[in-house]
Amino acid sequence: MNFDTILSINKLVAGYGETEILHKISISVNKNEIVSIIGPNGAGKSTILKAILGTLNIKSGEIFLKKTKINGVKPSDVVKKGVGYVPQTDNVFVSLSVHENLEMGAWTIENNLNDKFEELYNLFPDLKDKKKQLAGQLSGGQRQMLAMAKALILDAKVLLLDEPTAGLSPKYRLEIFDTIQRINKSGLPILMVEQNAKQALQISHRGYVLVDGSNRYTGTGAELSSDPEVARMFLGSRG
Amino acid sequence: MWESFWFEFINFYFIPGLVLGCIYALGAIGITLTFGILRFANFAHGEIMMTSSYLTWEFVLVASSFGLILHPIIGAIPASICSIFLALIVDRFFYKPFRNSPTIMIVIASFGMMLIIRSLVQVIWGPNQITFVKGIAKPNQFIKDFTSNFDMMILIPNKHISILLGTIIIMLVFNYLLSSTKIGKGMRAVSDNPNLAEVSGINVENIVKATWVVGGFCAAAAGVFLALDTQFIESTMGFRMLLPMFAAAILGGIGRPFGAVAGGLIIGLAEELSAYPWLGNGPVISPGYKSGVAFSIMVLMLIFRPSGLFRGKVF
Amino acid sequence: MEIFLGYFLYAMSLLTVGGIYALLALGLNVQWGFAGLFNAGVAGFAAIGAYTYALLTTAESQFHFGGLELPLVVGDILAMIFAGIVATIIGLICIRLRADYLAIATIGIAEIIKLILKNETNITNGPRGINKIPRTWEHFTEERFYTNFPMNLFLNQKGWEAFFASIPKWWWQPFFAITIILIVIITYFFLEKLRVSPWGRMMTAIRENEKAAAAAGKNVTKRRIEAFILGAVIMGLAGAFLGQHLRLIEPTQTFDPSKMTFLVWVMLIAGGSGNNKGAILGAFLIWFVWSSSELVTNGVIEILATMFDSIDISILKNRAGFIRMLFIGLLLQLILQRYPKGILPEKRPAISGKY
Amino acid sequence: MSKIALEVQNLEKHYGGLQAVRGISFKVLEGQIFGLIGPNGAGKTTTFNMIAGSEIPTSGKIFLYSNDITGVPTHKLYDLGLLRTFQLSQEYKKMTVLENLMVAGSHQVGENIFNSWFSSKKVNLREKEILEKAFDSLEFLGLSKLKSDLAGNLSGGQKKLLEIGRTMMTDAKLVLLDEPGAGVNPTLMLKIIEMIRRLNTERGYTFCIIEHDMDLIADLCQKVVVLSEGQVLTEGPMSKVKNDERVIQAYFGGGVDT
Amino acid sequence: YSDVKIGNPMARTGPIPELVKPMSAAVDLAVEHVNDQGGLFSDGQKYIAVKVDSACDPVAAVDAVTKLVNVEVVTGIVGPVCSGATIAQAESVSIPAGVVTLSVSASSPAISEMENGTDLVFRTAASDAYQGIALAELAMSKGIKDIAVSYANDDYNAAIAAVFSKAFTSMGGKITGNEAHEPNKASYRSEVNTLGSGSNNLALFAYYGSSGITIMRNALETGAFENFIGADGMLAQEVIDQLGAENLGNVTFTTSASDSSTDAFKSWKKHADAANVPASDPFVPNSYDAAFLMALAIEKAGSADRSKISAALREVANGPGEKILPGEWKKAKEIIASGGSIDYVGAAGPQDFDENGDVAGLFSKNTVVDGKWKPVVIK
Ligand SMILES: Nc1ncnc2c1ncn2[C@@H]1O[C@H](COP(=O)(O)OP(=O)(O)OP(=O)(O)O)[C@@H](O)[C@H]1O
Ligand SMILES: Nc1ncnc2c1ncn2[C@@H]1O[C@H](COP(=O)(O)OP(=O)(O)OP(=O)(O)O)[C@@H](O)[C@H]1O
Ligand SMILES: [Mg+2]
Ligand SMILES: [Mg+2]
């Protein structure tokens with residue numbers, strides 16, 4: 001095992017109930033890396049993230065956070081161990097206000113976080129105006145921002161993002177990718193699932209292409225973007 | 001004329017209504033919490049009330065066999081701890097397996113628990129009524145004398161004073177707990193979206209336990225206060241209170257403990273005042289329809305303002 | 001021989017009551033299983049059916065309204081219609097409430113119905129109830145029936161008396177049971193046809209996501225009320241037959257929600273909600289367990305008594321009723337945990353093969 | 001000159017103190033593919049909700065083929081040929097994928113209780129047509145394999161596809177698509193664009209699309225309206241809009257790569 | 001078969017389990033007497049009461065009696081307790097099956113006019129038509145001129161309240177208020193006060209367990225009433241224990257009971273005391289009488305044949321013949337064996353059935369003396 005590996009998934013087999021969705025998937029995230037997973041709808045990308053969080057039954061294979069094995073650990077404990085996670089859907093508390101949502105993001109931390117909140121509000125000025133509004137009354141994009149902000153409060157060891165830019169306007173999409181890069185520069189490795197695959201690969205150090213629950217291609221972001229096969233099948237390039 | 005109206009109204013309708021309302025309110029807090037956080041109508045709640053009053057009686061009895069004469073409120077302390085454990089055990093073995101199932105499963109399970117707990121109590125202590133406190137409670141002489149100096153004689157027995165005070169104290173503690181501790185916030189998060197709460201690092205099971213602790217304690221308090229007021233205990237006393245307590249919880253708004261308190265007081269007052277001779281000599285509506293008062297208020301509330309007075313949840 | 005006859009008649013009674021509960025469960029299945037309406041007022045609708053039937057078909061009485069002596073079938077039909085009318089009114093008021101709220105509102109309304117039946121003494125004879133409710137088939141042996149049209153076409157009064165004296169007294173019991181079973185079967189076929197039809201699909205869609213269903217052109221409110229009424233009509237019919245079976249109905253205990261409503265819910269959930277076969281199976285199974293458990297608990301207590309001479313069984317005997325409740329409660333928990341989706345879970349109708 | 005399919009006049013929506021939409025007017029011509037874009041929270045979805053009858057406007061009017069449809073409930077609009085999809089997918093979780101599509105079919109004679117009891121023939125005939133359509137749609141979306149899976153178990157993107165599939169089930173005149181592309185794989189997205197175009201040209205559907213994917217908008221839309229803070233910022237063909245300084249400021253943030 | 005079974009459906013669960021418990025014990029006592037003194041018939045067959053729960057509920061009662069009649073093949077039914085359950089099970093099951101029902105406490109007047117010509121329903125308790133009148137006479141004799149009536153809205157209490165009100169008015173009294181109350185509420189203070197504004201006297205018809213004690217307590221706390229009268233449902237030691245004898249000076253309740261001066265009652269009391277059964281509680285002697293009478297009828301009939309019970313029951317109960325007192329099974333058995341005739345005189349009264357299968361009422365008024373209910377026979 002690479003000494004610098006933060007998160008590694010080893011021949012993971014998992015699924016929902018009887019049905020097996022992931023077939024011997026292996027993925028790793030190293031120190032300071034942004035890693036993207038791309039692939040068609042239903043390939044099992046979100047399932048991988050759920051497996052890491054522990055909301056899923058794992059049939060075989062292993063998941064390591066640094067050197068500790070985390071399969072079979074309760075989700076709330078996985079979060080405590082330092083895994084931040086933004087789900088693809090249902091990712092904010094709709095009946096809580098924006099600010100309370102952020103507080104929930106900071107559940108596992110004890111100390112005073114006012115500075116941190118300020119920082120996030122500066123990052124997402126839209127949210128600042130809506131501090132007291134219920135999250136259920138936000139627009140689709142605003143919700144997505146809130147969900148991101150909520151995960152960023154934690155001083156996580158690794159951050160898992162499930163389609164962080166889905167539904168965001170081009171401007172915010174850029175900003176989110178910027179933010180992701182910025183956070184990453186500050187030392188936080190990130191594993192994200194994206195359908196805006198081109199842009200995602202541009203900022204990723206490495207990428208995985210997943211098809212039908214198996215690894216299909218692996219490479220650096222640049223390699224994958226320039227691979228014509230990948231581009232045609234998964235990036236939506238014409239011709 | 002006016003004075004005698006006040007005298008009658010306050011002493012014979014308003015204060016009794018208030019006392020009844022306090023008991024409803026305490027019970028409704030537990031209901032509103034489980035309804036809001038675990039998302040189901042807990043039919044076994046009344047049985048926890050009932051069990052705690054039996055336990056209180058048992059503790060007082062055991063103590064007296066050691067020559068110790070306890071006030072029931074003292075006996076209620078160990079009893080409420082037992083009730084909390086009862087609530088936790090029931091949750092662990094009978095509700096937890098349905099945490100991810102449709103609501104109806106757990107509602108039915110709670111109905112089953114209602115039967116189980118009640119028949120257990122009946123098998124252990126028998127179905128007969130048991131005297132909780134003997135005799136007739138006369139009005140507190142001091143308050144009577146004191147207030148009659150102002151031509152506003154108030155008749156209130158000590159048991160009612162302790163119920164009113166007890167409710168206020170519990171309410172204050174509860175307020176602190178919900179608004180100023182993390183647990184209160186966690187409860188709201190879990191109530192909103194348990195899955196998301198879990199992946200936000202909140203230990204959902206602990207929050208659920210906290211909910212049962214609070215709900216169980218309030219139920220115990222309500223049960224003991226009810227027994228203090230009626231001065232006897234019997235195995236269906238909890239179930240008798242259940243529907244008005246549901247009404248109170250809905251009236252106040254689900255998931256809103258203070259709404260439940262307001263709802264409880266309103267239902268209690270409404271029930272008692274429905275028999276007041278507002279027009280002429282007889283009650284306005286036949287006392288045979290008394291329980292209809294609570295239900296009618298509840299149904300009207302559901303229709304015109306389903307979120308309740310305090311804007312609770314509407315699923 | 002006599003023993004055999006006894007068991008046969010007990011079996012008929014199990015079928016009768018089981019069938020009545022099966023109808024209630026089928027009605028609830030339309031409301032909950034198909035349309036997702038949490039009706040906790042089952043007993044209220046059964047009461048309306050039973051009282052309608054009773055008031056319309058009984059002979060005149062000084063105690064209550066009615067005495068119209070309508071033909072029994074007309075009584076059954078009007079029981080259904082009246083339950084439907086009440087359901088329409090309740091539906092118009094409450095149908096937009098969600099899940100548990102609807103449940104609590106319907107409990108409240110059923111409770112109010114009960115209070116009305118109890119307090120409007122001039123009409124319903126209040127808590128003392130209505131008795132001498134004529135029972136299908138058995139009623140032919142009553143004078144006021146066999147001396148009237150159409151029975152008098154076949155034989156005169158003497159003739160009928162002689163005829164009834166010549167056949168066993170229990171002759172009507174199997175007929176009554178079979179009639180109820182037939183009604184259950186017919187209801188089943190109608191409901192099953194609905195379930196696999198576009199109507200059933202639409203109802204399920206509304207149950208699952210009303211926002212999307214509205215966008216797909218479904219009039220959510222109207223359809224919900226439709227299902228609510230259909231279910232209530234079936235419950236009203238069940239109520240009419242319950243009244244016939246008991247021959248006396250009174251508002252307090254007969255339609256006690258903590259027994260009837262609860263039992264019907266248990267039947268549906270244990271059998272499998274959304275599945276008509278499940279509803280029927282659940283009803284018969286649970287009623288059989290419920291009814292026979294009394295004999296079983298008595299037996300168990302006897303055995304305990306012979307095993308442990310030292311324990312005082314008189315206490316247990318006096319509390320046998322509660323032990324039975326305890327046992328039923330535990331059994332219920334077991335079924336729920338073992339078969340969370342019911343013994344026959346809901347299955348989506350197979351589509352491609354059918355058309 | 002083609003007819004006006006949809007016209008919105010001075011539409012406003014207030015939530016308490018918040019003015020989500022403050023006076024929007026635009027027209028959509030029959031046969032047009034029309035884009036509605038703008039920053040997050042601009043009021044796009046709210047506008048859709050009002051058109052589709054799930055929110056009642058605070059003020060203003062909406063016309064569908066010159067009929068005033070302001071405040072008409074959703075299910076009636078369906079009969080008038082107006083169909084919408086949802087930004088956050090709304091599927092029937094416990095029904096199969098196939099059934100999810102079939103529910104959306106039009107002229108369901110079998111939805112009348114008495115028909116389904118007593119006129120099986122008529123019902124079955126119509127069912128067959130609906131079923132065929134559903135199979136075609138599944139084929140097109142690449143969901144055929146999943147036809148008997150429960151829709152609740154689909155992945156986020158698959159649900160989105162199902163959402164689009166529903167619009168293929170009926171003969172709608174006007175279709176409102178709320179972010180059909182969000183979360184959909186880019187390759188599939190090309191297919192969706194193709195489908196929208198085909199429905200538009202072959203069947204004459206009029207489309208009104210909210211989307212943040214500028215490729216899709218630029219590809220498809222003859223005309224776009226840009227909303228910002230509940231008001232129309234500008235409107236016109238994409239080529240004109242994308243160079244508007246204010247739009248770049250508020251929306252693209254200089255990141256337009258088309 | 002060496003046993004004879006009878007069915008004993010009683011409301012062991014449901015609204016009044018506390019009233020039923022001693023009644024059930026009285027049935028056991030009668031069964032014990034029969035078996036200890038030689039059993040049934042010449043071969044000493046065992047007399048068995050199969051206990052089931054009728055829950056005061058027509059559904060439960062019909063189901064329970066169906067099992068008794070068909071599966072347990074009982075010879076007769078002793079019970080049920082509540083009128084509704086009794087009527088329902090009789091009309092639905094036992095009359096069609098030709099089985100005799102001998103109810104221990106069903107007091108509804110409707111029972112008298114129920115069967116047509118089958119003579120299958122009897123009871124050892126008087127119809128409340130009688131008790132209501134007796135109570136009205138009592139009130140008059142106490143000099144009460146006006147009274148408020150509060151009754152629990154159930155079949156038993158509503159009926160007796162109606163009879164009482166009618167009788168009291170016809171005797172020239174004034175009913176100042178007549179209200180049903182919903183049982184099982186936590187407080188009745190407002191009802192009590194509203195009624196109390198019209199009169200100082202209260203006629204209370206309720207079961208003590210479901211609303212009676214609470215109403216009494218609420219009334220005593222606020223002093224709304226001075227005098228209380230009422231009927232069976234309130235008569236229990238529990239009432240004194242809970243409210244305290246010192247507060248019950250002006251309380252009189254009637255019950256359909258027994259002249260304690262008769263030999264029959266003394267004999268019963270001796271046995272009851274020995275077995276720790278409360279001899280004077282409501283319907284407890286009636287329960288004993290019913291179970292004992294049923295055994296006598298079976299013995300008289302000479303076999304467990306259901307069809308002979310009705311006639312035999314009339315013979316052993318109405319006489320003429322040698323008087324048999326409670327507990328005298330051996331004596332009765334010997335007389336019957338020798339071909340003689342007997343006349344059972346019961347713990348609760350002479351127990352002679354009229355053409356409707358009803359018995360005449362005998363009532364006592366009960367007041368609190370030394371912390372216990374003291375009965376005095378009035379009629
Ligand atoms: N709760 C569930 N139960 C059963 N099957 C599920 C469940 N959730 C997802 N699936 C199935 O697992 C497969 C993978 O789903 P997953 O959500 O991981 O896809 P994805 O790669 O994230 O796709 P997308 O890009 O569309 O979000 C899909 O075929 C889906 O149908
Ligand atoms: N029910 C509501 N109550 C209060 N405010 C609401 C409600 N629904 C939406 N809003 C507010 O109205 C504004 C417009 O929301 P809308 O959903 O229309 O945005 P949108 O343009 O669709 O954005 P996005 O592209 O992010 O989906 C937002 O600021 C949102 O917070
Ligand atoms: Mg996904
Ligand atoms: Mg939107």
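Letters A, B, ... are given to chains in the order of the sequence lines, protein chains preceding strands, and every chain is numbered from 1.
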task = Go through the steps to decide whether B:Val107 and C:Phe38 satisfy the test side chain to side chain contact (heavy atoms under 4.5 Å, CB included), and finish with yes or no.
result = CA-CA 11 Å; B:Val107 172; C:Phe38 197 155; 4.1 Å; yes
request  = Would you give the length of the straight line joining atom CD of C:Gln333 to atom CD1 of B:Ile116, rounded to the nearest 0.5 angstrom?
outcome  = 4.5 Å
query = Distance from B:Met105 atom CE to C:Leu336 atom CG, nearest 0.5 Å?
reply = 5.0 Å
task = Give, for atom CZ of B:Phe111 and atom CG of C:Leu332, the distance between the pair rounded to the nearest 0.5 Å.
result = 10.5 Å
request  = Decide yes or no on side chain to side chain contact (heavy atoms under 4.5 Å, CB included) for C:Ile323 and B:Ser119, but give the supporting numbers first.
outcome  = CA-CA 7 Å; C:Ile323 296 175; B:Ser119 19; over 6 Å; no
key: Shortest non-hydrogen separation from C:Ile104 to B:Ile250 and the atoms involved   = CG2-CD1, 3.4 Å
ask   = Can you say whether B:Phe43 sits under 4.5 Å from chain C via the side chain, the backbone, both, or neither, judging by heavy atoms?
value = side chain
Residue B:Met113 versus chain C: region with a heavy atom under 4.5 Å = both
query = Going through the checks in order, is the side chain to side chain contact (heavy atoms under 4.5 Å, CB included) test met by B:Ile104 and C:Trp265?
reply = CA-CA 9 Å; B:Ile104 179 70; C:Trp265 268 103; 3.3 Å; yes
ask   = Nearest heavy-atom pair of C:Phe262 and B:Ile108: which atoms, and what distance?
value = CE1-O, 4.3 Å
key: chain B contact via C:Ile93 - which portion, at a heavy-atom distance below 4.5 Å   = both
key: When B:Ala109, B:Gly292, B:Pro102 are compared by non-hydrogen pairs under 4.5 Å with chain C, the top option   = B:Ala109
ask   = Distance from B:Arg118 atom CZ to C:Leu326 atom CG, nearest 0.5 Å?
value = 12.5 Å
key: chain B contact via C:Arg96 - side chain, backbone, both or neither, heavy atoms under 4.5 Å   = side chain
key: Interface moiety of C:Leu115 toward chain B, non-hydrogen atoms closer than 4.5 Å   = both
message = Nearest 0.5 angstrom please: B:Phe295 CZ to C:Ile109 CD1, how far?
response = 11.5 Å
request  = Can you tell which part of B:Ser291 gets under 4.5 Å to a heavy atom of chain C, answering side chain, backbone, both or neither?
outcome  = both
ask   = Among C:Ile116, C:Leu331, C:Thr106, who wins on heavy-atom pairs under 4.5 Å with chain B?
value = C:Ile116
inquiry  = Need one label for B:Leu300: side chain, backbone, both or neither, based on atoms under 4.5 Å from any heavy atom in chain C.
reply    = neither
request  = Give a yes or no on whether C:Lys259 atom NZ has more than 12 heavy-atom contacts from other residues, nucleotides or ligands under 6.0 Å away.
outcome  = yes
request  = Could you walk me through whether C:Gln337 and B:Phe94 pass side chain to side chain contact (heavy atoms under 4.5 Å, CB included), step by step?
outcome  = CA-CA 8 Å; C:Gln337 296 198 7; B:Phe94 298 101; 4.2 Å; yes
query = Non-hydrogen atoms of chain C under 4.5 Å away: do they reach the side chain of B:Met298, the backbone, both or neither?
reply = side chain
